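What you see is a predicted model; the values in this text were computed from it and never measured. These numbers come from the heavy atoms of this one structure, side chains and all, not from hydrogens, waters or symmetry mates. Lettering follows sequence order; numbering is per chain, from 1.
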Amino acid sequence: MTAPIVTRFAPSPTGFLHIGGARTALFNWLYARKFGGKMLLRIEDTDRERSTEPAIAAILDGLKWLGIDWDGDTVFQFARADRHREVAEQLLAAGKAYHCYATADELREMREKARAEGKSKLYDGRWRDRAATAAEAGMKPTIRLKAPLTGETVIDDQVQGRVVWQNENLDDLVLLRGDGNPTYMLAVVVDDHDMGVTHVIRGDDHLINAARQKQIYDALGWELPSMSHIPLIHGPDGSKLSKRHGALGVDAYRAMGYVPAALRNYLVRLGWSHGDQEIFSTEEMIAAFDLSAIGRSAARFDFAKLENLNGHYIRHSDDQALVTMFEDVLSYVSNGAAVKAKLNDVTRAQLLQAMPGLKERAKTLIELIDNASFIFADRPLAMEPKATAVLTPETRALIGKLQPVLAKVTDWSAATTEAAMRTFAEANGLKLGAIAQPLRVALTGKTTSPGIFDVLAVLGRDECLARLADQASV
RNA sequence: GCUCCCUUCGUCUAGCGGUUAGGACGUCGCCCUCUCACGGCGAAAACAGCGGUUCGAUUCCGCUAGGGAGCACCA
């Protein structure tokens with residue numbers, strides 16, 4: 001019987017859940033689910049200045065929207081400060097740590113000196129073996145780890161491979177601040193240990209922290225969890241992801257009309273692959289996910305591919321489910337309220353009826369909303385610029401001739417209106433397209449739409465004839 | 001500057017010593033067609049450079065170049 005897998009997602013609540021964090025959460029979640037383990041959630045709120053309640057809410061909301069759930073109660077790191085202090089004291093008592101009375105000025109000097117000499121070690125260890133009596137009175141000391149001076153610190157990373165640091169390049173890190181608060185480095189180690197975390201899966205930016213944390217684990221005599229440092233996500237130009245690029249909160253992706261399944265699928269394939277497979281259901285993702293298949297280089301964020309995937313998931317979604325998604329997303333999009341005001345049993349039914357045609361041509365829910373606008377439009381129709389150009393005196397006349405023909409259709413449906421139109425076209429020596437386009441414009445105010453016969457059927461006889469009358473001239 | 005990581009089509013990637021270097025997105029053709037999409041068919045498009053190791057390197061090693069991360073009493 002092997003020990004159960006425990007992973008964790010540990011965001012610091014200083015902002016929204018960004019796309020990189022979402023991927024990290026996803027990977028942790030997949031790994032835990034694959035092995036029937038647990039994924040824990042820990043909010044790293046020890047930075048009291050920057051941590052906010054809205055940020056916590058945004059992160060939880062983002063995870064929920066993405067369909068990522070976690071096990072057990074959410075752990076708040078700040079609440080565990082006493083325990084962190086206790087461990088620091090324990091290390092101190094065991095001679096594995098020491099009080100450091102160096103002042104901020106001294107530390108700055110050391111840093112400048114190190115840089116000038118090309119050394120990576122910032123702190124010179126001056127209080128390592130010095131008695132506290134030498135300290136200035138009233139000075140609050142920090143507690144520093146007595147890190148090994150020689151040898152090497154090795155991390156066998158599941159993604160990055162074996163990574164080695166020479167201990168002479170690693171200085172004595174601060175465990176407890178002068179004000180008695182634990183540092184991130186200490187808190188993470190203690191929390192991961194106490195929470196029983198077996199696998200740490202996090203961003204590449206923590207790779208060096210792994211070495212420092214390993215030293216704390218060693219001093220404590222605790223076993224280091226399995227480490228996996230996944231490459232970061234870059235902007236389309238290869239530079240660090242910034243607000244200019246895709247460093248948006250997941251809520252922004254929701255507002256752009258992306259669906260969770262598509263974002264999950266896109267994110268999982270960013271840096272991870274399973275042969276040539278591109279589309280993964282959640283079950284397939286869980287079954288196929290594997291740390292060893294994660295690449296080591298950073299991946300650029302590509303909206304075009306996300307959009308393609310999103311279109312795929314929209315096309316393959318159930319019509320009724322799409323109506324629900326349509327309705328839900330209205331709360332998050334700019335002109336959503338206006339559409340929402342028009343939703344009633346009639347328009348909802350029309351939307352459902354039009355959905356097979358609508359979903360074929362929408363890459364995002366925004367496009368879906370836009371293409372469905374003919375259902376919610378008021379007469380007389382607002383015309384988009386390109387549509388206006390279609391309405392020439394000739395095409396208006398054509399609409400005028402067509403209207404009585406359609407008026408004769410009593411058993412109104414896509415099939416009967418199509419038959420009437422084809423007969424009309426033939427009788428006038430016209431191609432179907434020559435009539436379909438003006439008709440489309442008159443009915444939707446746009447030059448593109450789902451199949452025109454579907455539009456006719458969805459709108460119904462009376463509404464269609466009225467809209468045609470608005471644009472016709474005889 | 002220092003420590004560490006990375007490098008296959010424009011992008012995401014497959015490849016784990018011998019392949020016509022595969023797939024997907026995007027791009028460009030053609031077909032389908034009432035528009036736009038969808039779908040189908042096809043095309044262009046990559047092993048960063050230089051040295052080794054080897055009968056043979058995209059694959060192993062080294063160097064160079066180019067990216068990236070970190071370097072706090074932040075997380």
In whole angstrom, give me the gap between the P atoms of B/A45 and B/C2. 42 Å
Determine the Euclidean distance between corresponding C1' atoms of B/C4 and B/C73; express it in Å to zero decimal places. 24 Å
Return the value, rounded to whole Å, for the distance between atom CG of A/Leu309 and atom P of B/U11. 19 Å
Heavy atoms under 4.0 Å, any strand shown: does A/Val188 hit a base, just sugar-phosphate, or nothing? nothing
In a check of salt bridge (charged side-chain N to carboxylate O under 4.0 Å, His left out) between A/Asp171 and each of A/Lys121, A/Arg212, A/Arg144, A/Arg128, which one passes? A/Arg212
Ignoring the backbone of A/Gln160, work out which of B/A75, B/C6, B/A24 is nearest its side chain. B/C6
Of the listed nucleotides (B/A75, B/C34, B/C5), which one gets closest to any side-chain atom of A/Arg50? B/A75
I'd like to know if the side chain of A/Arg202 and the backbone of A/His229 have a donor-acceptor N/O pair within less than 3.5 Å. no
Determine, for A/Phe280 and A/Arg269, whether the Lys NZ or Arg CZ falls below 6.0 Å from the six-membered ring centre while staying within 45 degrees of the axis. no
When the P atoms of B/G62 and B/U53 are compared, how many Å lie between them, rounded to an integer? 15 Å
Who pairs with B/U3 - Watson-Crick or G-U, where each distance is under 3.5 Å: B/A69
Considering every strand and a 4.0 Å limit on heavy-atom distances, what is the contact class for A/Pro231: base, sugar-phosphate, or nothing? nothing
Using a 4.0 Å heavy-atom cut-off, does A/Glu278 contact any base of the nucleic acid, only the sugar-phosphate backbone, or nothing at all? base
Could you tell me whether A/Gly178 contacts a base, only the sugar-phosphate backbone, or nothing, with contacts defined as non-hydrogen atoms closer than 4.0 Å? base
To the nearest Å, how far apart are A/Ile314 CD1 and B/C38 P? 12 Å
Looking at A/Thr183, does any N or O in its side chain come under 4.0 Å of the phosphate oxygens OP1/OP2 on B/C73? no
Could you check whether A/Ser449 gets within reach of a base, just the sugar-phosphate, or nothing at all, counting any heavy atom under 4.0 Å? base
When we call it a touch if two heavy atoms are under 4.0 Å apart, what does A/Thr448 touch: a base, just sugar-phosphate, or nothing? base
Taking only residues two or more places apart in sequence or in another chain, which ones pass ring pair (Phe, Tyr, Trp, His ring centres under 6.0 Å) with A/Tyr313? none
Protein-to-nucleotide contact annotation, 5' to 3' order, nucleotides 64-72 of chain B [B base; S sugar-phosphate only; - none; under 4.0 Å, heavy atom]: ----SBSSS
Nearest whole angstrom, please: distance from the C1' of B/U8 to the CG of A/Asp276. 14 Å
Between CG of A/Leu267 and P of B/U13 the distance, given in whole Å, is 12 Å
Under 4.0 Å between any heavy atoms, over every strand shown, what does A/Ile452 touch: base, sugar-phosphate, or nothing? Just pick one. base
Applying side-chain hydrogen bond (donor to acceptor under 3.5 Å, both in side chains), which residue pairs with at least one partner in residues 429-443 of chain A are found, sequence neighbours left out? A/Gln437-A/Arg440, A/Arg440-A/Ser449
Residues in ring pair (Phe, Tyr, Trp, His ring centres under 6.0 Å) contact with A/Phe27, at least two apart in sequence or another chain: A/Phe289
How far does the C1' atom of B/A43 sit from the matching atom of B/A48, given to the nearest Å? 26 Å
Of A/Phe453 and A/Asp179, whose nearest nucleotide on RNA chain B comes first from the 5' end? A/Phe453
If I pick the P atom on B/A21 and the same atom on B/U58, what distance separates them, to the nearest angstrom? 11 Å
Taking any heavy-atom pair under 4.0 Å as a contact, classify A/Arg269: base, sugar-phosphate, or nothing. base
Does A/Glu360 get its side chain close enough to the base of B/G39, under 3.5 Å, for a donor-acceptor pair? no
So if I take every side-chain heavy atom of A/Arg361 and compare against B/C73, B/C36, B/C25, which nucleotide ends up nearest? B/C36
Suppose we call a contact any N or O donor and acceptor under 3.5 Å apart; does that hold for the side chain of A/Arg440 and the base of B/C34? yes
Tell me, please, which residues at least two apart from A/His312 pass ring pair (Phe, Tyr, Trp, His ring centres under 6.0 Å). A/His316
According to side-chain hydrogen bond (donor to acceptor under 3.5 Å, both in side chains), who are the partners of A/Glu360, at least two apart in sequence or on a separate chain? none
Pick the C1' atom in B/A44 and in B/U11, then give their distance to the nearest Å. 16 Å
Between B/U3, B/C25, B/C34, which nucleotide gets closest to the side-chain atoms of A/Asn308? B/C25
Which base sits across from B/G51 as a Watson-Crick or G-U pair, both distances under 3.5 Å? B/C61
Under 4.0 angstrom, heavy atoms only, what part of the nucleic acid is A/Arg315 near: base, sugar-phosphate, or nothing? sugar-phosphate
Starting at atom CZ of A/Arg162, determine the distance to atom P of B/C4, rounded to an integer number of angstrom. 13 Å
Same-atom distance (C1') from B/A37 to B/C31, integer angstrom: 15 Å
Is the terminal nitrogen or CZ of A/Arg48 (NZ for Lys, CZ for Arg) located under 6.0 angstrom from the six-membered ring centre of A/Phe78 and within 45° of that ring's axis? yes
Would you measure the distance from the C1' atom in B/C71 across to the matching atom in B/C60 and give it in whole Å? 32 Å
Round to the nearest Å and state the distance from A/Leu443 atom CG to B/U35 atom C1'. 13 Å
By the 4.0 Å heavy-atom rule, please label A/Ala102 as base, sugar-phosphate, or nothing. base
Heavy atoms under 4.0 Å, any strand shown: does A/Thr46 hit a base, just sugar-phosphate, or nothing? sugar-phosphate
Calculate the interatomic distance between A/Glu152 atom CD and B/U3 atom P; express it in whole Å. 15 Å
Identify whether any heavy atom of A/Arg108 sits under 4.0 Å from a base atom; if not, whether one sits that close to sugar-phosphate; answer base, sugar-phosphate or nothing. nothing
Can we call the ring centroids of A/His199 and A/Tyr31 under 6.0 Å apart? yes
Find the distance A/Tyr101:OH to B/C73:P and express it as a whole number of Å. 17 Å
Taking atom types as they are modelled, is there a donor-acceptor pair under 3.5 Å from the base of B/A37 to the side chain of A/Lys363? no
Would A/His206 and A/Asp204 count as a side chain to side chain contact (heavy atoms under 4.5 Å, CB included) here? Give the steps. CA-CA 5 Å; A/His206 286 289; A/Asp204 215 352; over 6 Å; no
When both distances are under 3.5 Å in a Watson-Crick or G-U wobble arrangement, the nucleotide paired with B/C25 is B/G10
What nucleic acid atoms does A/Gly271 come within less than 4.0 Å of, heavy atoms only: base, sugar-phosphate, or nothing? sugar-phosphate
Hey, which sits more toward the 5' end of RNA chain B by its nearest nucleotide, A/Pro141 or A/Val163? A/Val163
For A/Tyr266, which contact category applies under a 4.0 Å heavy-atom criterion: base, sugar-phosphate, or nothing? nothing
